[in-house]
Amino acid sequence: MRLGIIGLPQSGKTTVFNALTRGDLPVVASGGRFDVHTAVVDVPDPRLDSLSALYKPEKTIYTKVTYVDIAGLDGSASGGISGQLLNQLNQMDGFLHVVRCFEDLGVPHPAGSLNPERDIAAMDAELLLN
């Protein structure tokens with residue numbers, strides 16, 4: 001399964017990506033660049049562990065999830081997602097939409113003010129237009 005982590009710039013996408021993948025990517029603004037970071041993570045399943053202990057197979061294979069940190073969405077609802085970015089979005093089985101709900105003067109919001117409902121609507125509009 002491929003899950004794309006999307007959201008407005010500076011919303012915490014890379015932080016969520018790092019938490020899910022136990023990664024340590026630097027959390028910096030992409031500066032409008034199109035960046036994609038990918039990591040494959042095993043899904044722990046105690047049921048599989050129990051069966052593996054019971055039957056002692058030669059190899060135990062866990063289900064895997066591929067997380068993709070997708071930068072480059074600005075939520076302007078212009079319908080102008082680039083071809084490269086649209087190609088990445090089309091390959092996803094689902095999305096994790098990260099919405100910023102924190103105030104920090106050191107991390108300015110791209111729209112100038114904090115409004116999670118507006119940010120969700122902007123991202124939904126961007127995806128619908130494409």
Side-chain angles (χ1 to χ4, degrees):
M1 172 181 287
R2 290 180 61 86
L3 296 175
I5 302 173
I6 61 171
L8 294 179
Q10 300 296 312
S11 61
K13 297 180 301 292
T14 302
T15 301
V16 171
F17 177 82
N18 284 338
L20 290 170
T21 63
R22 295 181 184 92
D24 59 352
L25 286 175
V27 183
V28 295
S30 64
R33 293 186 322 268
F34 171 67
D35 293 332
V36 176
H37 302 107
T38 303
V40 180
V41 179
D42 286 337
V43 178
D45 187 348
R47 299 169 301 174
L48 181 61
D49 294 335
S50 298
L51 289 171
S52 184
L54 181 66
Y55 292 105
K56 299 182 183 10
E58 289 182 25
K59 188 174 186 182
T60 301
I61 301 173
Y62 291 92
T63 299
K64 300 194 182 304
V65 174
T66 302
Y67 291 106
V68 182
D69 180 12
I70 303 173
L73 291 172
D74 64 0
S76 64
S78 64
I81 295 178
S82 72
Q84 185 181 14
L85 178 56
L86 195 56
N87 184 36
Q88 281 293 326
L89 294 172
N90 285 333
Q91 293 177 22
M92 300 302 131
D93 296 314
F95 297 109
L96 299 173
H97 186 178
V98 178
V99 181
R100 180 175 174 170
C101 293
F102 64 89
E103 288 283 355
D104 185 349
L105 297 177
V107 183
H109 190 284
S113 65
L114 186 65
N115 184 337
E117 292 86 11
R118 176 199 60 213
D119 296 345
I120 292 169
M123 190 59 62
D124 287 347
E126 188 76 40
L127 293 172
L128 285 171
L129 288 171
N130 287 284

- Query: Do Val68 and Leu3 belong together in a cluster built from hydrophobic side chains that touch within less than 4.5 Å?
  - Reply: no
- Item | Arg2 and Gln88, any side-chain heavy atoms less than 4.5 Å apart | yes
- Task: Could you tell me the separation between the NZ atom of Lys13 and the CD1 atom of Ile6, rounded to the nearest 0.5 Å?
- Result: 9.5 Å
- With sequence neighbours excluded, residues passing salt bridge (charged side-chain N to carboxylate O under 4.0 Å, His left out) with Asp42: Lys64
- Note on the structure: One should read off an interatomic distance between Ile61 CD1 and Lys59 NZ, to the nearest 0.5 angstrom, of 4.5 Å
- Message: side-chain contact (heavy atoms from CB on, under 4.5 Å), that's the test. Do Asp69 and Thr21 meet it? Break it down for me.
- Response: CA-CA 11 Å; Asp69 180 12; Thr21 63; over 6 Å; no
- Message: Determine whether a donor-acceptor pair (N or O, by modelled atom type, separation under 3.5 Å) exists between the side chain of Asp119 and the backbone of Val99.
- Response: no
- Note on the structure: CG (Leu8) and NE2 (His109) are apart, to the nearest 0.5 Å, by 5.5 Å
- Mind checking side-chain contact (heavy atoms from CB on, under 4.5 Å) for Leu48 and listing every partner two or more places apart, or none if nothing turns up? Asp45, Thr60, Tyr62
- Item | Check: Ser50 side chain, Pro46 main-chain N or O, donor-acceptor pair, under 3.5 Å | yes
- Item | Distance-only donor-acceptor check, side chains Arg118 and Ser113, under 3.5 Å | yes
- Task: Could you tell me whether the side chain of Val41 reaches within less than 4.5 Å of the side chain of Tyr67, counting heavy atoms only?
- Result: yes
- May I ask you to check whether over 12 heavy atoms, not counting those of Tyr55, lie within 6.0 Å of atom OH? no
- Message: Nearest 0.5 angstrom please: Leu86 CG to Leu127 CG, how far?
- Response: 9.5 Å
- Query: Which pair of non-hydrogen atoms, one from Cys101 and one from Pro116, has the smallest distance, and what is that distance?
  - Reply: SG-CG, 3.7 Å
- Query: Is Asn87 atom CG crowded by more than 12 heavy atoms from other residues, nucleotides or ligands, each under 6.0 Å away?
  - Reply: yes
- Query: Between Met1 and Thr66, is a side-chain contact (heavy atoms from CB on, under 4.5 Å) present by the stated rule, with each step listed?
  - Reply: CA-CA 6 Å; Met1 172 181 287; Thr66 302; over 6 Å; no
- State plainly whether one hydrophobic cluster holds both Val16 and Val43, where clusters connect Ile, Leu, Val, Met, Phe, Trp and Tyr through side-chain heavy atoms under 4.5 angstrom apart. yes
- Measure the CG-CD distance between Leu105 and Glu103 for me, rounded to the nearest 0.5 Å. 7.5 Å
- Would you say Asn115 and Glu117 make side-chain contact, with heavy atoms under 4.5 Å? yes
- Task: For the residue pair Phe95 and Leu89, establish whether any side-chain heavy-atom pair is separated by less than 4.5 Å.
- Result: yes
- Note on the structure: In short, Ala39 meets Phe17 closest at the heavy-atom pair CB-CZ, 3.7 Å
- Task: May I have the step-by-step check of side-chain contact (heavy atoms from CB on, under 4.5 Å) for Ile70 and Ile5, ending in yes or no?
- Result: CA-CA 6 Å; Ile70 303 173; Ile5 302 173; over 6 Å; no
- Can you tell if the side chain of Val36 reaches within under 4.5 Å of the side chain of Leu85, non-hydrogen atoms only? no
- To the nearest 0.5 Å, atom CD of Gln10 lies from atom OG1 of Thr15 at 9.0 Å
